[in-house]
Amino acid sequence: MSTPGFRLSDATAPRIMVVDGSKVVRKMIEGLLRQQLPNMEFVGCETGDEAKVALQSGAINLVTTALRLPDMDGLDLARYIRDHTPQAYIPIIVVSGDVQERLESRSISDDVTDYFDQSLGFNALAAFIKGYVAPESEAGGEVLYVEDSRVVAVATRRMLEKHGLVVIHATGVEDAIAHLETMKAQGRIPGPDVVLTDVYLKGDLTGKDLLQSIRNEFGYPKGLLPALVMTGDANPANQTDLLRAGANDLVEKPIEERLLVTKLLFQLRVGRMLREKNAKALKAAKTT
């Protein structure tokens with residue numbers, strides 16, 4: 001599998017891809033987005049194949065796609081993006097008028113970050129997208145940080161705390177799993193808001209083992225407990241392997257502070273949004 005060498009996109013000028021078979025819809029969304037995000041770069045695509053080609057041109061901050069495209073299902077495009085862009089966990093938003101039907105039939109996969117009901121209107125969609133790529137404020141959260149180097153851990157912890165995050169440091173995978181088990185026993189599920197881990201750690205278990213434990217043994221999906229992995233391995237196949245094991249995103253070493261914090265806060269924010277949405281849905285189900 002060939003993988004493009006993505007450039008680092010400027011957070012102040014996000015690149016937003018909108019995939020929709022209607023030129024009128026694409027133009028309308030573009031116009032409204034420019035009101036919300038004047039500096040954005042808009043990438044409009046009519047078909048899934050056009051989107052695949054456009055993905056080669058550089059990093060994309062967010063993708064919206066219709067469920068029904070002229071050449072494929074929007075969920076097939078989402079799967080392609082997950083399999084072919086291992087250097088960035090791109091948020092993928094499904095925009096459709098029949099989202100509810102897909103949700104009830106459980107046919108919207110984990111490849112989709114979120115969904116948007118088209119009946120709410122394009123102004124609401126533009127505001128929704130802005131909330132993902134350019135939030136106005138960011139509340140603090142709890143990070144389970146797994147790192148075996150004391151020097152690195154101290155420096156990274158100070159950096160994260162400077163951005164208002166509470167850091168729970170584990171020196172290895174075993175310690176991290178024990179912390180998650182304690183939180184679960186106390187009824188705090190999943191416990192932390194996000195996990196940040198290195199790949200290679202002292203001991204018998206690696207960061208990949210931690211991912212598999214979180215996703216399989218604990219059963220926490222990416223939306224419930226996001227996981228960000230730091231790796232010095234630039235091999236695309238190995239990066240893809242980590243994503244398939246359960247990583248939401250990767251940060252390549254040497255770590256650049258702005259990039260790490262941006263990615264970490266994004267994952268924290270998306271996880272929080274999905275947990276709040278699930279809690280509301282559960283509450284509504286109990287009252288009916």
Side-chain angles (χ1 to χ4, degrees), residues 3 5-6 8 59 82 85-90 140-184 190-272:
T3 305
F6 291 105
L8 177 62
R82 294 286 175 246
T85 55
Q87 290 162 298
Y89 181 79
I90 302 173
E142 185 173 287
V143 180
L144 175 57
Y145 173 45
V146 191
E147 171 58 62
D148 55 16
S149 168
R150 182 177 179 181
V151 174
V152 173
V154 169
T156 304
R157 183 170 190 161
R158 287 174 179 170
M159 176 182 69
L160 298 180
E161 289 176 343
K162 182 176 66 176
H163 291 274
L165 297 169
V166 175
V167 180
I168 306 300
H169 177 222
T171 57
V173 173
E174 295 84 354
D175 289 343
I177 291 174
H179 178 75
L180 292 173
E181 288 176 341
T182 300
M183 294 296 98
K184 186 175 182 180
D193 292 293
V194 63
V195 172
L196 174 64
T197 182
D198 203 343
V199 177
Y200 300 108
L201 301 155
K202 295 177 182 177
D204 297 328
L205 302 179
T206 66
K208 181 180 176 181
D209 293 318
L210 176 59
L211 293 171
Q212 292 172 331
S213 178
I214 291 172
R215 303 300 176 223
N216 301 323
E217 295 173 21
F218 286 94
Y220 296 156
K222 289 182 177 181
L224 181 63
L225 182 56
L228 187 64
V229 177
M230 299 174 290
T231 176
D233 189 346
N235 185 303
N238 293 338
Q239 291 185 348
T240 298
D241 194 38
L242 288 169
L243 286 167
R244 287 175 173 165
N248 289 63
D249 199 355
L250 310 175
V251 181
E252 291 189 26
K253 295 181 176 180
I255 302 298
E256 194 273 315
E257 177 178 348
R258 183 186 63 83
L259 180 60
L260 173 61
V261 172
T262 297
K263 284 176 173 282
L264 193 65
L265 291 179
F266 168 74
Q267 294 301 335
L268 186 151
R269 182 176 67 254
V270 171
R272 182 175 293 157

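Among residue pairs with one or both ends in residues 215-254, those qualifying as ring pair (Phe, Tyr, Trp, His ring centres under 6.0 Å) are F218-Y220; sequence neighbours excluded. Screening residues 203-216 for salt bridge (Lys or Arg N to Asp or Glu O under 4.0 Å), with sequence neighbours left out, gives K208-D241. A side chain to side chain donor-acceptor pair (under 3.5 Å) check over residues 143-155, counting only residues at least two apart or in different chains, returns the pairs Y145-T156. Residues in residues 233-260 take part in no ring pair (Phe, Tyr, Trp, His ring centres under 6.0 Å) pair, two or more places apart or across chains.
The shortest non-hydrogen separation linking V229 to A247 is CG2-CB, 3.7 Å. Among all heavy-atom pairs drawn from L201 and G207, the shortest one is CD1-N, 4.2 Å. Taking both residues in full, the closest heavy atoms of L260 and V251 are given as CD1-CG2, 4.0 Å, listed atom of the first, atom of the second, then distance. Nearest heavy-atom pair across P226 and Q267 is CG-O, 3.3 Å. Pairing each heavy atom of L268 with each of G141, the nearest pair is CD1-CA, 3.7 Å.
Taken from CD1 in I214 to CG in L225, the straight-line distance is 5.0 Å, to the nearest 0.5 Å. With rounding to the nearest 0.5 angstrom, the CD1 atom of I168 is 12.5 Å from the CG atom of D175. Going from atom NZ of K222 over to atom CG of L211 covers 9.0 Å, rounded to the nearest 0.5 Å. If you take CD on E174 and CG on L205, they are separated by 4.5 Å, rounding to the nearest 0.5 Å. Within the model, atoms CG of D198 and CD1 of I255 stand 8.0 Å from one another, a figure rounded to the nearest 0.5 Å.
Although no hydrogens or angles enter the test, the distance criterion places a donor-acceptor pair under 3.5 Å between the side chain of N248 and the main chain of A227.
By the salt bridge (charged side-chain N to carboxylate O under 4.0 Å, His left out) test, E217 is found to be paired with no residue, residues two or more places apart in sequence or in another chain being considered. Residues meeting the salt bridge (charged side-chain N to carboxylate O under 4.0 Å, His left out) test with E181, sequence neighbours left out: none.
Contact annotation: the side chain of V261 never approaches that of K162 to less than 4.5 Å [non-hydrogen atoms, C-beta and beyond]. For the pair I177 and L210, the minimum side-chain heavy-atom distance is below 4.5 Å. With contacts defined as side-chain heavy-atom distances shorter than 4.5 Å, the pair L160/L196 qualifies. Residues L180 and P192 meet the side-chain proximity criterion, which asks for heavy atoms closer than 4.5 Å.
Looking at L165, V167, D193 one by one, the single match for side chain to side chain contact (heavy atoms under 4.5 Å, CB included) with E142 turns out to be D193.
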